[in-house]
S.K.: 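Below is the structure I would like to discuss, written out as structure tokens.
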Amino acid sequence: GENVEQHPSTLSVQEGDSAVIKCTYSDSASNYFPWYKQELGKRPQLIIDIRSNVGEKKDQRIAVTLNKTAKHFSLHITETQPEDSAVYFCATGGTGGFKTIFGAGTRLFVKA
Amino acid sequence: EAQVTQNPRYLITVTGKKLTVTCSQNMNHEYMSWYRQDPGLGLRQIYYSMNVEVTDKGDVPEGYKVSRKEKRNFPLILESPSPNQTSLYFCASRSGDFDTEAFFGQGTRLTVV
């Protein structure tokens with residue numbers, strides 16, 4: 001069945017450094033790729049998304065890149081801050097289906 | 001305020017005692033889903049609903065039931081809970097098809113002893 005693999009499972013960076021989280025997916029029909037951030041004890045919230053007709057999208061310090069040929073997409077956070085510490089989930093969705101398939105999550109620690 | 005509301009937030013119950021977790025959204029969204037979140041497994045879809053009276057199984061439907069009698073409500077029913085259903089549960093709603101943002105409820109932490 002369809003699946004989404006996310007790496008790494010844990011990431012620790014120094015404040016001000018960059019963080020990169022990568023996801024690969026199996027369903028070639030996927031054409032929507034959102035990223036959700038879940039702070040401790042809170043609900044997941046959308047932080048950025050990309051559709052398959054776009055290769056890269058940026059919103060201030062966060063960016064997402066997509067390589068449809070290789071079936072992988074990545075989240076880039078620059079100039080990390082302690083408030084970026086959270087669990088990040090990648091996900092995929094595709095036309096004709098109502099499923100959103102999530103990766104297992106990456107716990108990001110930003111050390112001050 | 002646009003929101004998805006789940007109740008209860010925390011629940012401890014015993015094996016076999018039927019329970020219902022409620023979910024309500026005030027955004028007039030057509031699509032609603034239930035997920036469970038377990039360490040190392042991410043968010044796995046239990047059931048989803050495309051509209052009133054239209055529901056379908058997700059990836060882990062065993063032991064769960066849902067209903068969608070009204071557009072705003074999507075309760076999750078555990079007829080006979082077991083310890084392996086101890087988890088953090090999230091309800092979510094979306095306005096449109098697959099490529100729209102999912103809005104999550106606050107979560108329900110369920111413990112079955």
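Naming: A, B, ... by sequence-line order, numbering from 1 per chain. We use all heavy atoms of the structure for the numbers below, so side chains are in, but hydrogens, waters and symmetry mates are not.
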S.K.: Only pairs of heavy atoms separated by less than 4.5 Å count here; which of Asp56(B), Asp38(B), Thr100(B) has the most with chain A?
M.R.: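 Answer, by heavy-atom pair count under 4.5 Å with chain A: Thr100(B).
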
S.K.: Are Phe103(B) and Leu43(B) in one and the same hydrophobic cluster, where Ile, Leu, Val, Met, Phe, Trp and Tyr link if side-chain heavy atoms are under 4.5 Å apart?
M.R.: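 Different clusters: Phe103(B) never reaches Leu43(B) through Ile, Leu, Val, Met, Phe, Trp or Tyr contacts under 4.5 Å.
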
S.K.: So what's closer than 4.5 Å to chain A heavy atoms on Ala102(B): side chain, backbone, both or neither?
M.R.: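 Looking at Ala102(B), backbone and side chain both touch chain A.
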
S.K.: What do you reckon, is NZ of Lys22(A) surrounded by more than 12 foreign heavy atoms closer than 6.0 Å?
M.R.: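 Check fails, neighbour count at 12 or below.
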
S.K.: Can you hop from Val110(A) to Val87(A) via hydrophobic side chains spaced under 4.5 Å?
M.R.: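 No, because Val110(A) and Val87(A) fall into different hydrophobic clusters, even though each may have its own neighbours under 4.5 Å.
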
S.K.: Between Gln6(A), Arg43(A), Gln45(A), which shows the greatest number of heavy-atom pairs under 4.5 Å with chain B?
M.R.: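 When all of Gln6(A), Arg43(A), Gln45(A) are compared, Arg43(A) has the most.
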
S.K.: What part of Phe33(A) gets within 4.5 angstrom of chain B, counting heavy atoms only: side chain, backbone, both, or neither?
M.R.: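 Contact with chain B is absent: no heavy atom of Phe33(A) under 4.5 Å.
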
S.K.: Would you call Thr100(A) and Arg94(B) a side-chain contact if the rule is heavy atoms closer than 4.5 Å?
M.R.: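 When only atoms from C-beta onward are counted, Arg94(B) and Thr100(A) do touch, with a gap below 4.5 Å.
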
S.K.: Check whether Pro44(A) gets within reach of chain B through its side chain, its backbone, both or neither, counting any heavy atom under 4.5 Å.
M.R.: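 Both the backbone and the side chain of Pro44(A) come within 4.5 Å of chain B.
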
S.K.: Identify which of Gly107(B), Gly105(B), Gly40(B) forms the greatest number of heavy-atom pairs closer than 4.5 Å to chain A.
M.R.: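 Among the listed options, the one with the most contacts to chain A is Gly105(B).
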
S.K.: Find out if a path of hydrophobic residues (ILVMFWY) with successive side-chain heavy-atom gaps under 4.5 Å connects Leu46(A) to Trp35(A).
M.R.: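 No; Trp35(A) is not reachable from Leu46(A) via cluster members.
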
S.K.: Testing the basics here: between Gln38(A) and Phe90(B), what is the closest heavy-atom pair and its distance to 0.1 Å?
M.R.: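 In this case the closest contact between Gln38(A) and Phe90(B) is NE2-CZ, 3.4 Å.
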
S.K.: Is it the case that more than 12 heavy atoms not belonging to Glu83(A) sit under 6.0 Å from its CD atom?
M.R.: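 Result for CD/Glu83(A): enclosed.
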
S.K.: Under a single-linkage definition using a 4.5 Å side-chain heavy-atom cutoff for Ile, Leu, Val, Met, Phe, Trp and Tyr, are Val64(A) and Ile21(A) assigned to the same hydrophobic cluster?
M.R.: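 They do share one cluster, since a chain of ILVMFWY contacts under 4.5 Å joins Val64(A) to Ile21(A).
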
S.K.: Transitively linked via ILVMFWY side-chain contacts under 4.5 Å: Val14(B) with Leu11(B)?
M.R.: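 Val14(B) and Leu11(B): separate clusters.
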
S.K.: Please find the pair of heavy atoms, one from Gln37(B) and one from Phe89(A), that lie closest to each other, and give the distance.
M.R.: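 That closest heavy-atom pairing would be NE2-CZ, 3.3 Å.
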
S.K.: Would the distance check show the side chain of Tyr35(B) and the main-chain N or O of Phe102(A) forming a donor-acceptor pair, the cut-off being under 3.5 Å?
M.R.: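 A pair under 3.5 Å: no.
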
